[in-house]
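A short write-up of the structure that comes next.
For the single chain, residues carry numbers from 1 onward in sequence order.
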Amino acid sequence: MTEAVTDDTAVVIPAVNEADRIASTVAAAKALPGVGLVVVVDDGSSDQTGRIARAAGARVVRHSRNRGKAAAMESGAEAVRLLDDDRPPRHLLFLDADLGETARAAAPLIEPVRSGAADMTIAVFMTRVKLGGHGLVVRLSRDGIRRATGFEAAQPLNGQRCLTRAAFEAARPLAHGFGVETALTIDLLRKGFRVSEVEVEMSHRATGTDWRSQLHRARQLRDVARALATREPLIAENLNKLHPKR
């Protein structure tokens, strides 16, 4: 008879205006083996995201205004630390709020961290949703990670990640906004942590082509570029030449 998995993992879900999907995402996350805590960070939503998440069984942290993904991740991780009190620190599984029922497929992300085979896992979606963009941000992130570490990331911007608490703390402070995934990968690899990608049958809402979606991609591009600029020696060297210290 297989021994039950212990309560060793907490799920953190940053969420903005996801009232239509947050309940199913929370329910799926709670059903994952070894997950004993689900924290939703309502990052300044104007809808009922927080109330629905709480009704679905999540602990909810609310930002009074939108502070961005990295800040939501930090708030969620801090909430887990406070709720855990004196117990051993849990692994942290970060999931997007719009995964819905497909969040049930996140278990393979936890296993390598739980067994000690990896310090951070990154999801690779086996079912690719056609996006409205042209992959510019993905290429920027992938190329930057390769130049900085030699690691070839299949889906460098994927936000579905499981980390040990020690790995998460080593990566703090997190890079701003949508640069967080790129920076997490670079910073942990440079510090000697083991990072691996794991294929999963998960999917989330595709980004559209309207002006809001184009603005979202522009913000992604800006944040990833900023994260890379502070981590690439050549860029930093050129910036110093342009603005020498006096």
Side-chain angles (χ1 to χ4, degrees), residues 4-111 113-114 120-123 125 158-165 167-169 172 174 177-178 180-181 184 198 200-205:
V5 178
T6 57
D7 169 14
D8 63 356
T9 304
V11 176
V12 175
I13 306 174
V16 183
N17 295 331
E18 290 289 352
D20 58 337
R21 293 198 181 194
I22 192 64
S24 58
T25 303
V26 168
K30 289 181 65 179
L32 292 168
V35 168
L37 175 63
V38 176
V39 174
V40 170
V41 181
D42 181 358
D43 191 25
S45 296
S46 58
D47 64 7
Q48 296 298 309
T49 293
R51 182 185 63 78
I52 295 171
R54 187 175 290 107
R59 297 293 190 100
V60 176
V61 176
R62 176 166 173 79
H63 291 166
S64 59
R65 60 177 177 83
N66 183 265
R67 294 171 54 194
K69 187 172 186 179
M73 291 171 66
E74 295 249 21
S75 293
E78 180 62 12
V80 171
R81 187 186 68 79
L82 293 173
L83 290 167
D84 279 350
D85 197 16
D86 293 329
R87 60 158 289 154
R90 305 185 209 225
H91 308 311
L92 298 171
L93 174 63
F94 292 95
L95 297 177
D96 289 345
D98 63 353
L99 291 169
E101 293 183 358
T102 70
R104 291 181 180 273
L109 290 172
I110 305 172
E111 293 308 322
V113 176
R114 177 177 288 141
M120 179 173 76
T121 55
I122 306 170
F125 289 171
N158 202 308
Q160 301 8 275
R161 297 175 180 229
C162 188
L163 299 81
T164 63
R165 170 59 75 164
F168 181 81
E169 294 299 330
R172 296 180 69 187
L174 301 182
F178 296 108
V180 62
E181 291 91 0
L184 261 176
V198 179
V200 293
E201 285 284 0
M202 302 165 73
S203 62
H204 53 60
R205 184 185 298 111

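Applying the ring-ring contact (aromatic ring centres under 6.0 Å, His included) rule to pairs touching residues 75-103 yields Phe94-Phe168, sequence neighbours excluded.
With rounding to the nearest 0.5 Å, the separation of CG in Leu163 from CD1 in Ile110 is 12.0 Å. Asp96 CG to Glu18 CD: the interatomic distance, rounded to the nearest 0.5 Å, is 8.5 Å.
In this structure, the side chains of Met73 and Pro14 come closer than 4.5 Å at one or more pairs of heavy atoms. Here the side chains of Thr49 and Val16 are not in contact, with every heavy-atom distance at 4.5 Å or above.
Of all heavy-atom pairs spanning Gly50 and Val60, the tightest one is O-CG2, 3.6 Å. Scanning both residues, Ala167 and Thr164, for their nearest heavy atoms gives N-OG1, 3.0 Å. Across Ala107 and Leu32, no two heavy atoms sit closer than the pair N-CD2, 3.6 Å. Here the closest non-hydrogen pair linking Ala28 and Ala103 is CB-CB, 3.7 Å. For the residue pair Gln160 and Phe125, the shortest heavy atom distance occurs at NE2-CZ, 3.7 Å. For the residue pair Leu109 and Val113, the shortest heavy atom distance occurs at O-CG2, 4.0 Å.
Taking Arg90 as the reference, Asp7, Asp84 meet the side chain to side chain donor-acceptor pair (under 3.5 Å) condition, with sequence neighbours excluded.
With respect to Asp8 and Arg165, no salt bridge is recorded, no charged nitrogen being found less than 4.0 Å from a carboxylate O. Taking the charged nitrogens against the carboxylate oxygens, Glu74 and Arg172 do have a contact shorter than 4.0 Å, which makes a salt bridge.
Within 6.0 Å of atom CD in Glu169, more than 12 heavy atoms from other residues, nucleotides or ligands are found, so the atom counts as buried in its surroundings.
At least one donor-acceptor pair under 3.5 Å links the side chain of Asn66 to the backbone N or O of Asp43. Counting only distance, with no hydrogens or angles, the side chain of Glu201 and the backbone of Thr102 share no donor-acceptor pair below 3.5 Å. Proximity of a side-chain donor or acceptor of Thr121 to a complementary backbone N or O of Arg161 within less than 3.5 Å is not detected. Asn17 contributes a side-chain N or O that, together with a main-chain N or O of Ser46, makes up a donor-acceptor pair within less than 3.5 Å. In terms of modelled atom types and a separation under 3.5 Å, the side chain of Thr25 and the main chain of Ala97 share a donor-acceptor contact. The main-chain N or O of Ile122 is never found under 3.5 Å from a side-chain atom of Asn158 such that the two would form a donor-acceptor pair.
Each of Leu93, Leu37, Val80 was scored for a side chain to side chain contact (heavy atoms under 4.5 Å, CB included) with Thr9, with one residue passing: Leu93. A salt bridge (Lys or Arg N to Asp or Glu O under 4.0 Å) with Asp42 is found for one member of Arg51, Arg67, Arg62 and no other, namely Arg62.
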_With side chain to side chain contact (heavy atoms under 4.5 Å, CB included) as the criterion, how do Ile22 and Ile13 come out once you've worked through the C-alpha distance, each side chain's angles and the decisive distance to 0.1 Å?_
CA-CA 9 Å; Ile22 192 64; Ile13 306 174; 4.1 Å; yes
*For Val61 and Glu78, run side chain to side chain contact (heavy atoms under 4.5 Å, CB included): C-alpha distance rounded to whole Å, both residues' side-chain angles, the deciding distance at 0.1 Å, then the answer.*
CA-CA 10 Å; Val61 176; Glu78 180 62 12; over 6 Å; no
